[in-house]
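Here the structure comes first, spelled out in structure tokens, and everything after it is commentary.
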Amino acid sequence: MDETPRVLGEAQRVPPPDDDLLALLDPWMRARRWYPVKGVDVAHVPWISFALPAPAPLRIELHLLRLVGDGVELVVQVPLILAPAGTAPDAADDPRVVGHLETPDGPVTVHDGATHPALWTAVLAASQWEDGAGGPEPDPDLTGGRALTVEQSNSSVLLPAVAGGTMLKVVRAVAIGPNPDVTIPRALAAHGWRGVPRPLAWLTATWAESDVPAEHDSVTGLGPDRTAHLAVLTEFVAGGRDGFDLACSYARQDQSFTELSADLGRVVADMHAALAGAFEPGPLLDAGWLVDDLRRRAAEAVAKAPVLSRRAAEIVGFLDAAEGRLARIDAPIRMQHVHGDLHLGQVLHSRDHGWKVLDFEGEPLRPVAERTRADLALRDVAGMVRSFDYAAAVGRPGDPTWDVRARDAFLEAYRVATGASDAEAEAAQTIVRILALDKALYEVVYESRNRPDWTWIPLDAVDRILSGRT
Ligand SMILES: Nc1ncnc2c1ncn2[C@@H]1O[C@H](COP(=O)(O)OP(=O)(O)O)[C@@H](O)[C@H]1O
Ligand SMILES: O=P(O)(O)O[C@H]1O[C@H](CO)[C@@H](O[C@H]2O[C@H](CO)[C@@H](O)[C@H](O)[C@H]2O)[C@H](O)[C@H]1O
């Protein structure tokens, strides 16, 4: 095993995009599914850029741009392939083509790098590989390789012939510091938990203190950490079906989901046990901290989603009442590492392997520090509870109790698997209900920025929870 860390640094730096390239990227980025702040008025500020070795006449550039403005301060990665014009694909309406540029070397077609085999090869070669994962092959077999087009916050590429079948995730919203989607699955796999596909390789970028913008703030986390993961390669879950698609199709056919959701409850309990074993334990829950945090997050959601403003007073009232309920909880609740954005779209089901859990990045709209802090395992439980509601809203089952039955089966299996005492189970019920509101508020912001047609789904839930219904 090559012990030399493979990281992008000073030696790979290239100039950031010029005005022409920026002008091309500007509208293109805003229209991408992964663009994290749709409809928000932000500027695209070039930050740092790297080049990867590329076969002539191609150029491979990874641009990190800051999205700044309107309360937003994020970093996104835009990997590009620059090819002489006339090299296929070239059609302006091809989704893989960003556009065309005149350069001193002649006309160039700019490709979305995440969809281009030359980038996949270059990323695999520049990545650091897990011990025993085989390491980069000089000429990886990209047969069957394809960029996924499913809804997602990052760009994923299926590479069926690389390392026995892998998924390459090209990170879009860059987490500053070690990305939890690399560190957590690695730690879980090392701990012996088999419920997560094993990360095999990852691409890291580093920069100098002088690159950190003077006006940075705590939102991006641009500061002491000067590294980020730009891509991660993980084992492919063969035959894995996206849990949200699966649940929606069960709902559509009015087929009960209780058995699968009970299995999922057990897997989530196992995941929490493995996370508790793989990482240092967090502090005991301080109800005062939780209420303050809920109030802050709710205020942020109200500020970001105008549709929530007329519910602001009710939300405050709900949290005031929650404060009293939380203060009455006796059972000690230990905080720990959690998934952070658990929902049905983050789990894959296959006949051979049951449920596998993906994407430990946490909620992509939150600052990294908030995503990696010790938290309540019940936050993941609440995330899944919300997801059964989404599946019912999309799948429209004939049975009006479809989601309640799926949810209850999940909660009961989780309770049994964690061995919760009666007092703990009662406390959990209270907390999950409160965290379900927190999640639904986050979802209203997420949907209004990404899928406005779906905003009604979490908004209905907000209204139900505020009015005391489930
Ligand atoms: N290891 C894997 N094996 C099989 N499919 C995967 C794997 N990782 C991701 N996928 C598929 O890609 C989709 C997006 O992956 P995910 O990690 O959730 O990315 P994002 O951060 O973009 O949401 C998943 O819903 C799943 O369908
Ligand atoms: O999977 P991501 O890390 O990209 O998470 C974000 O996008 C999710 C949607 O893709 C969003 O999840 C919401 O929609 C799901 C159905 O598509 C549903 O299962 C979830 O319960 C619901 O929260 C997630 O909130 C967001 O962070």
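For the single chain, residues carry numbers from 1 onward in sequence order. Side chains are part of it too, since the values below use all heavy atoms of this structure and drop only hydrogens, waters and symmetry mates. Numbering of ligands and ligand atoms starts at 1, following listing order.
- Counting only non-hydrogen atoms, the option in R33, K356, M167 that gets closest to atom 10 (N) of ligand 1 is M167.
- Remark: distances from the non-hydrogen atoms of S153 to ligand 1 include one below 4.0 Å.
- Below 3.5 Å of separation, one finds an N or O of S387 facing an N or O of ligand 2.
- Using a 4.0 Å cut-off between charged side-chain N and carboxylate O, R405 and D408 make no salt bridge.
- Evaluation of the ring pair (Phe, Tyr, Trp, His ring centres under 6.0 Å) rule for F236 yields no partner, not counting sequence neighbours.
- Within the 4.0 Å heavy-atom criterion, both parts of V237, backbone and side chain, lie near ligand 1.
- Of the N or O atoms in R451, one or more lie within a sub-3.5 Å distance of an N or O in ligand 2.
- Salt-bridge check for R415 with E412: passed, with a basic side-chain N closer than 4.0 Å to an acidic carboxylate O.
- Ligand 1 places these atoms under 4.0 Å from at least one heavy atom of L358: 7 (C), 8 (N), 9 (C), 10 (N), 24 (C), 26 (C).
- Taking CZ from R198 and CZ from R186, the interatomic distance works out to 10.0 Å, rounded to the nearest 0.5 Å.
- Counting atoms of ligand 2 from 1 in the listed order, those under 4.0 Å from a heavy atom of Y442 are 25 (O), 26 (C), 27 (O).
- Residue-ligand proximity, L148 to ligand 1, at heavy-atom distances under 4.0 Å covers atoms 11 (C), 12 (O).
- The ligand atoms of ligand 1 that sit less than 4.0 angstrom from a heavy atom of P197 are 1 (N).
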